[in-house]
Each structure stands twice: as structure tokens, then as C-alpha cells.
Amino acid sequence: EDRLMDNAQSVGAHFRSQLEELKNKYPLVGDVRGMGLMQGLEFVKDRQTKEPAAAEATQFQEECRKNGLLVGKGSMLGNVIRIAPMLNTSKADVSEAIRIMDKSLETISAGMLAGAAR
């Protein structure tokens, strides 16, 4: 009666498009995959070789936590961030999560550039 499956489909499509924008913005995100509201971000050191970036995924998870967003980590290589919000999540909730993820990716990317400059 709450039409949660419809919400998962429409808000999930919005979520996916926002995650794809993060992928386009940050080379560290090698792939976005999932269905509905259950999505995953694969972290890679190089998009061509698909070399896993497990340490960066852990760093992203920690940065998100510092900024108020809890995300999970998975895969046998430890380089995939799992995001599975509640089925009644709104587009506003997704936008806030994306803002936090963007900020976290920006922090990690800046740190990587500073480390490479040394």
C-alpha cells in the first residue's frame, strides 16, 4: 500500500544517474552497478587495467562516515562500496547522500594528488 517498489524504482533511477555523474567526475570510480536503490561503486586505481583500489575504498568509507553517511564495503578484493538505503528513501535523501559522497571523493582525490606531487 505504500508503493515501496515503485519508489525504489523511481528514486533508484535518480540515485543511479547521480552515481554515474560521480563516476564521470572521479577516475577513482571505475564502475557503478546495481538495481533500484541497491547500488555499488567499484574503486579502481586505473580504469584501463581495473586494478582494485581497496585502500581508497576504505578511505572513502571513513570519509563518508565522518560526514554522516554510513556505507558498506564488499567484494573479495575489498574495493566495492555498497549502498542500500531503505525502500522509502526520498530523492532529497539521495541528493544529500550524493553530496556527502562527492565531498568524500574530493577529499580523497586531493590527498592522492598531494601524495603524487611529493
Side-chain angles (χ1 to χ4, degrees):
E1 82 186 35
D2 292 330
R3 305 188 59 84
L4 294 177
M5 289 178 65
D6 293 338
N7 186 66
Q9 183 177 10
S10 66
V11 176
H14 172 69
F15 192 24
R16 178 60 172 258
S17 71
Q18 297 297 301
L19 291 171
E20 290 288 348
E21 285 185 26
L22 289 179
K23 177 185 171 189
N24 292 335
K25 186 174 179 181
Y26 297 101
L28 190 57
V29 179
D31 193 22
V32 177
R33 53 182 174 260
M35 289 180 65
L37 286 168
M38 185 183 293
Q39 297 291 323
L41 294 175
E42 180 183 16
F43 280 60
V44 296
K45 293 182 182 187
D46 181 291
R47 284 189 182 167
Q48 299 302 318
T49 65
K50 301 259 186 211
E51 181 183 351
E56 290 82 354
T58 300
Q59 193 177 5
F60 174 79
Q61 186 180 28
E62 182 60 21
E63 284 298 319
C64 284
R65 186 195 61 75
K66 286 180 193 175
N67 291 300
L69 178 67
L70 296 177
V71 296
K73 192 170 69 159
S75 91
M76 291 179 64
L77 302 173
N79 68 319
V80 177
I81 295 295
R82 294 180 185 165
I83 309 134
M86 299 175 296
L87 294 177
N88 64 349
T89 297
S90 69
K91 286 184 180 180
D93 295 331
V94 165
S95 294
E96 178 61 11
I98 292 293
R99 184 192 68 74
I100 292 170
M101 287 188 256
D102 187 26
K103 180 179 179 182
S104 299
L105 282 163
E106 190 174 305
T107 299
I108 294 167
S109 296
M112 290 172 64
L113 289 174
R118 289 183 219 179

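No experiment lies behind these values; they were computed from the predicted model shown.
- Counting heavy atoms from C-beta on, the side chains of Arg99 and Asn67 never come closer than 4.5 Å.
- Residues Thr107 and Phe60 fail the side-chain proximity criterion, which asks for heavy atoms closer than 4.5 Å.
- A donor-acceptor pair is defined here as one N or O able to donate and one able to accept, closer than 3.5 Å; no such pair exists between the side chain of Arg47 and the backbone of Asp31.
- Contacts classified as side-chain hydrogen bond (donor to acceptor under 3.5 Å, both in side chains) and involving residues 84-95 (residues at least two apart or in different chains) are given here: Ser90-Asp93.
- Using a 4.5 Å cut-off between side-chain heavy atoms of Ile, Leu, Val, Met, Phe, Trp and Tyr, with links allowed through other members, Ile83 and Leu37 fall into the same hydrophobic cluster.
- Linking Ile, Leu, Val, Met, Phe, Trp and Tyr residues whenever their side-chain heavy atoms come within less than 4.5 Å leaves Met101 and Val80 in two separate clusters.
- Shown here are the salt bridge (charged side-chain N to carboxylate O under 4.0 Å, His left out) partners of Arg82, two or more places apart in sequence or in another chain: there are none.
- Checked against side-chain contact (heavy atoms from CB on, under 4.5 Å), Lys73 has the following partners two or more places apart in sequence or in another chain: Ala57, Thr58, Gln61, Ile81.
- Checked by atom type and distance alone, the side chain of Asn79 never pairs as donor or acceptor with a backbone atom of Val44 at under 3.5 Å.
- Residues satisfying the salt bridge (charged side-chain N to carboxylate O under 4.0 Å, His left out) criterion with Asp102, sequence neighbours excluded, are Lys25.
- Under the 4.5 Å side-chain heavy-atom criterion for ILVMFWY residues, no single connected hydrophobic cluster contains both Leu22 and Met38.
- Residues Arg16 and Glu20 are paired through a salt bridge, judged by an N-O separation under 4.0 Å between the basic side chain and the carboxylate.
- Salt bridge status for Arg65 with Glu62: present, with a side-chain N to carboxylate O gap under 4.0 Å.
- Residues that satisfy the side chain to side chain donor-acceptor pair (under 3.5 Å) test with Asp2, not counting sequence neighbours, are absent from this structure.
- With sequence neighbours left out, the side-chain contact (heavy atoms from CB on, under 4.5 Å) criterion links Gln59 to Ile108.
- Counting heavy atoms from C-beta outward, Glu21 and Ile98 have side chains that stay 4.5 Å or more apart.
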